[in-house]
Visitor: 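Structure in C-alpha cells, see below.
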Amino acid sequence: MVELQISGVHYQVSDKVKAYISDKLGGLAKYHAGLHKVHVTIHPQEHDRFRVDIDMHLPHGKDVVAHDAEATVYSAIDMVHDKAAAQLRKIHDKEAKSFRVAS
C-alpha cells in the first residue's frame, strides 16, 4: 500500500476529494513495486482551475514528479494519475530491461 500525503495550498481539501485521491492514486504501486510514498498538493489557480502536483519517492533516491491543471479538481487528479502511471511504467520497464541485460 502506498502512503499518501495530501495537502492544499490556499485550498481546504475535503474528505470527498481525499477519498477520490486515495482511490485513484493509491493503486500506483502496481506500476512500480518500489513506490511507497506519494505526496499530493492541490493549488487553486486563476479562472477557476485547479493544479494537482504529485511527488513520488522511489528507492535509490529517485523522485518522480507529475502535475496537471484542469477545470475541476477531479479531472486534474485523473490527468495527473495517467501521467504518473506512464512515468512509473517507463521507469519499471527500463529497470527490468537493464536487469535482464545484466543477468
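Position 1 is the first residue of the sequence; numbering continues from there.
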Visitor: Rounded to the nearest 0.5 Å, how far does NZ of Lys62 lie from CE of Met56?
Guide: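 So the CE of Met56 and the NZ of Lys62 are separated by 12.5 Å.
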
Visitor: Is Phe50 close to Tyr74 at the side-chain level, that is, under 4.5 Å between some pair of heavy atoms?
Guide: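 No - every pair of side-chain heavy atoms lies 4.5 Å or more apart.
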
Visitor: Should we count CD of Gln5 as having more than 12 external heavy atoms under 6.0 Å?
Guide: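 Counting neighbours around CD of Gln5, more than 12 heavy atoms of other residues, nucleotides or ligands fall under 6.0 Å, so yes.
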
Visitor: Applying salt bridge (Lys or Arg N to Asp or Glu O under 4.0 Å) as the test, list every pair that has at least one member in residues 40-58; sequence neighbours left out.
Guide: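 Found Arg51-Asp53.
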
Visitor: Shortest non-hydrogen contact from Ala66 to Ala84?
Guide: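 Smallest interatomic distance, heavy atoms only, reads CB-N, 4.1 Å.
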
Visitor: Suppose the criterion is salt bridge (Lys or Arg N to Asp or Glu O under 4.0 Å): which pairs have a residue in residues 13-28, not counting sequence neighbours?
Guide: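 Only Lys24-Asp78 qualify under salt bridge (Lys or Arg N to Asp or Glu O under 4.0 Å).
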
Visitor: Of all the heavy-atom pairs spanning His92 and Tyr31, show the shortest one and how long it is.
Guide: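 Scanning both residues, the minimum pair turns out to be CB-O, 3.4 Å.
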
Visitor: Nearest 0.5 angstrom please: Gln45 CD to Glu70 CD, how far?
Guide: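 Rounded to the nearest 0.5 Å, the CD-CD separation comes out at 10.5 Å.
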
Visitor: Please assess Ile54 against Val65 for the test side chain to side chain contact (heavy atoms under 4.5 Å, CB included), listing each intermediate value before the final yes or no.
Guide: CA-CA 6 Å; Ile54 61 173; Val65 178; over 6 Å; no

Visitor: Taking the side chain as everything from C-beta on, heavy atoms only, tell me whether His36 gets closer than 4.5 Å to Glu3.
Guide: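 Of all side-chain heavy-atom pairs linking Glu3 with His36, none is under 4.5 Å.
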
Visitor: Would you confirm whether Lys37, through its side chain, and Val2, through its main-chain N or O, come within 3.5 Å as a donor-acceptor pair?
Guide: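 No, the answer is negative, given that no donor and acceptor are paired below the 3.5 Å cut-off.
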
Visitor: At their closest point, which heavy atom of Pro59 faces which heavy atom of Gly34, and how far apart are they?
Guide: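 Shortest heavy-atom contact: CD-O, 3.2 Å.
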
Visitor: Compare all side-chain heavy atoms of Leu58 with those of Val64 and state whether any distance is below 4.5 angstrom.
Guide: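 In contact.
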
Visitor: Find the distance between OH (Tyr20) and CD1 (Ile6) and round it off to the nearest 0.5 Å.
Guide: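 Reported value, rounded in 0.5 Å steps: 13.0 Å.
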
Visitor: Report the distance from atom CG of Leu28 to atom CG of Leu35, rounding to the nearest 0.5 Å.
Guide: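 Rounded to the nearest 0.5 Å, the CG-CG separation comes out at 6.5 Å.
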
Visitor: Using side-chain contact (heavy atoms from CB on, under 4.5 Å) as the criterion, point out the one residue from Ile21, Val80, Val17 that pairs with Val40.
Guide: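 Only one option passes, and that is Ile21.
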
Visitor: So, taking the atom named CD1 in Ile77 and the one named CE in Met79, what distance separates them when rounded to the nearest 0.5 Å?
Guide: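 That separation rounds to 13.0 Å.
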
Visitor: Using a 4.5 Å cut-off on heavy atoms from C-beta on, say whether the side chain of Val13 contacts that of Ser7.
Guide: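 No, side chains not in contact.
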
Visitor: Is any side-chain heavy atom of Ile91 closer than 4.5 Å to a side-chain heavy atom of His32?
Guide: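 Side chain of Ile91 against side chain of His32, heavy atoms only: contact under 4.5 Å found.
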
Visitor: Answer yes or no: is there a side-chain heavy-atom contact under 4.5 Å between Val52 and Thr41?
Guide: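 No, their side chains stay 4.5 Å or more apart.
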
Visitor: Quick one: CG on Asp68 to OG on Ser75, what's the gap to the nearest 0.5 Å?
Guide: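 If we round to the nearest 0.5 Å, Asp68:CG and Ser75:OG are 8.0 Å apart.
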
